[in-house]
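Please read the structure below before turning to the comments.
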Amino acid sequence: MMALILFRTFLTCPDACVFQMVQDPTQFDVLVMPNLYGDILSDLCAGLIGGLGVTPSGNIGANGVAIFESVHGTAPDIAGMDLANPTALLLSAVMMLRHMGLHDHADKIQTACFDTIRDKKVLTKDLGGSAKCSEFTAEICRRVQDLG
Amino acid sequence: MCFSTLLWGEGYDTTLFATIWTKPVLLNIKLTLVLLLSSVHLQQQGENIPPPAKYGGRHTVTLIPGDGIGPELLNHVREVFRFTCVPVDFEMVNVNSALETDDDMNNAITAIRRNGVALKGNIETKHTLPASVKSRNNVLRTSLDLYANVMHCQSLPGVQTRHKNIDIMIIRENTEGEYSSLEHESVSGVVESLKIITRNNSIRIADYAFKLARERGRRRVTAVHKANIMKLGDGLFLQCCREVASGYPDITLDSMIVDNTTMQLVSKPQQFDVMVMPNLYGNVVSNVCAGLVGGPGLVPGANYGRDYAVFETATRNTGKSIAEKNIANPTAMLLASCLMLDHLNLNDYASLIRNAVLTTMNETRLHTADLGGQGTTSEVVQSVMRVIQSKGQFTAEL
């Protein structure tokens, strides 16, 4: 199987990049940058897609060693109350599955998660709903089962 | 005989040079009673007195066209000024960005020192030149010690944006930080860059921010930093902000880490009032804010020092790809020229031109391509001049 990857690289300064990102983020595909710009841009993009509650991340090292994590805080004010939105950590786990080569499982869970959010029937409080964390999770599990 | 006295004011660095005649003496040389109040520099930080008008009440301003869209936009500014009979004469100084020598820049800096005020387009920094050739724009800012870059980001009713009711003042330290241009490669493949944060400059910029906030009736200043990582550098900056804040009990200081700041800006920009920050974060935050209110074609910027002021577009883009196509948005440069007129105390002219630009933007809704419109640059400028004419102001011919 021949894979054709289109390389269109262009160099841009962080200042030019950010205002283009704010005005039309869809023009960007993959961005690579040094540490500080990455810190700033990743939070900026997280803000554009709905915040840290839904943003996954992974840290990849040599020899495939990797740590996947959500980048939001520990939220001590809602800890232990079954209120948190599990999306960020769940999607980070999906990234982990892809890293391990378990693409089918990854796709299934991601599709179930996105469909639940798209449907808007069962959403946690930060997304505008009233469901508990466990209810939201149960809904995703139900959809995974339906996807077979 | 005459005696000269130099007076020093306590707490201010006031230089008052007075030559007083005590006993008139007729000499062959021309004797002149001169009370010279040579540019009384009230060095209350942040207050700078614009250069006085000379030669019949007309001001001379240095004009640096720069590269890309700069020359054409500045031509339009001159056109509008000529039409409105603004008492400003421009001294044009060209800077060739392709040359490696500094002569052009030195001429420009000398001209700005002479005139005190400049209006400029962005000078391209060619990446192909050796690393020893510094960014010309940066050299200009540091040579003239234009320590405060001020940008006022406001939502415009005529421009469609995702977020509304944005009104943020961004004050960016303009001379040090990550733009110190100090880098070295002691080991091949390992480059070290020095980020310089000094107490003096941090206090200076924080004081400027708080003074400006007080003048404009603003209530809150947010210091943007990354002191959790750069504990000494940004830690010092933050500490200086807190020290200055203690002298302004009517204004609240809060602080926010830069990555969280950009996230908050794109989700809830209305929470910000005045923001103060070191150089690089200022670069990023100003561009985010420009994007939020409609793009780089709309926002003017100003660089203030103790003795000089230079006005330009806020996001300092060369706009090479749209140069000479008559599609660039002239708003930012026209509004920058209005800031310059305010600085020269020509407030009536500033208001007239500013209102005409905003009327074209918000009421006539004649927009250039960057705002999704069909108008050309010249059409927008013509519309601005027509609005000025309609106000009954004495004008030249269209």
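No experiment lies behind these values; they were computed from the predicted model shown.
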With a 6.0 Å cut-off (strictly less than), is the heavy-atom count around [atom1] of [X], excluding the residue itself, greater than 12?
X: A/D146; atom1: CG; result: yes
X: A/N35; atom1: CG; result: no
X: A/H105; atom1: NE2; result: no
X: A/R142; atom1: CZ; result: yes
X: B/E324; atom1: CD; result: no
X: B/E185; atom1: CD; result: yes
X: B/K164; atom1: NZ; result: yes
X: B/K134; atom1: NZ; result: no

Pick out which of A/L48, A/T55, A/D43 makes a side chain to side chain contact (heavy atoms under 4.5 Å, CB included) with B/M263.
->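 Option passing the side chain to side chain contact (heavy atoms under 4.5 Å, CB included) with B/M263: A/D43.
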Qualifying residue for side chain to side chain contact (heavy atoms under 4.5 Å, CB included) with A/F19, from B/V288, B/N317, B/L292 =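 Running side chain to side chain contact (heavy atoms under 4.5 Å, CB included) over B/V288, B/N317, B/L292 with A/F19 returns exactly one hit, B/N317.
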Atom pair [atom1] ([X]) and [atom2] ([Y]), whose distance is rounded to the nearest 0.5 Å:
X: B/D370; Y: A/Q23; atom1: CG; atom2: CD; result: 8.0 Å
X: B/D259; Y: A/L52; atom1: CG; atom2: CG; result: 8.5 Å
X: B/T261; Y: A/L44; atom1: OG1; atom2: CG; result: 10.5 Å

Could you tell me which portion of [X] (side chain, backbone, both or neither) has an atom closer than 4.5 angstrom to a non-hydrogen atom of chain A?
X: B/N283; result: both
X: B/K268; result: neither
X: B/L280; result: side chain

Mind checking whether B/K226 and A/D39 have side chains closer than 4.5 Å, heavy atoms only?
->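 They are in side-chain contact.
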Kindly give the heavy-atom pair with the smallest separation between A/G47 and B/S267, and that separation in Å.
->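 Minimum heavy-atom contact is O-CB, 4.5 Å.
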Minimum heavy-atom distance between A/I40 and B/T262, given as atom pair plus value |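 In terms of heavy atoms, the two residues are closest at O-OG1, 3.4 Å.
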Heavy-atom distance under 4.5 Å to chain B: side chain of A/L36, backbone, both or neither?
->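 Only the side chain of A/L36 comes within 4.5 Å of chain B.
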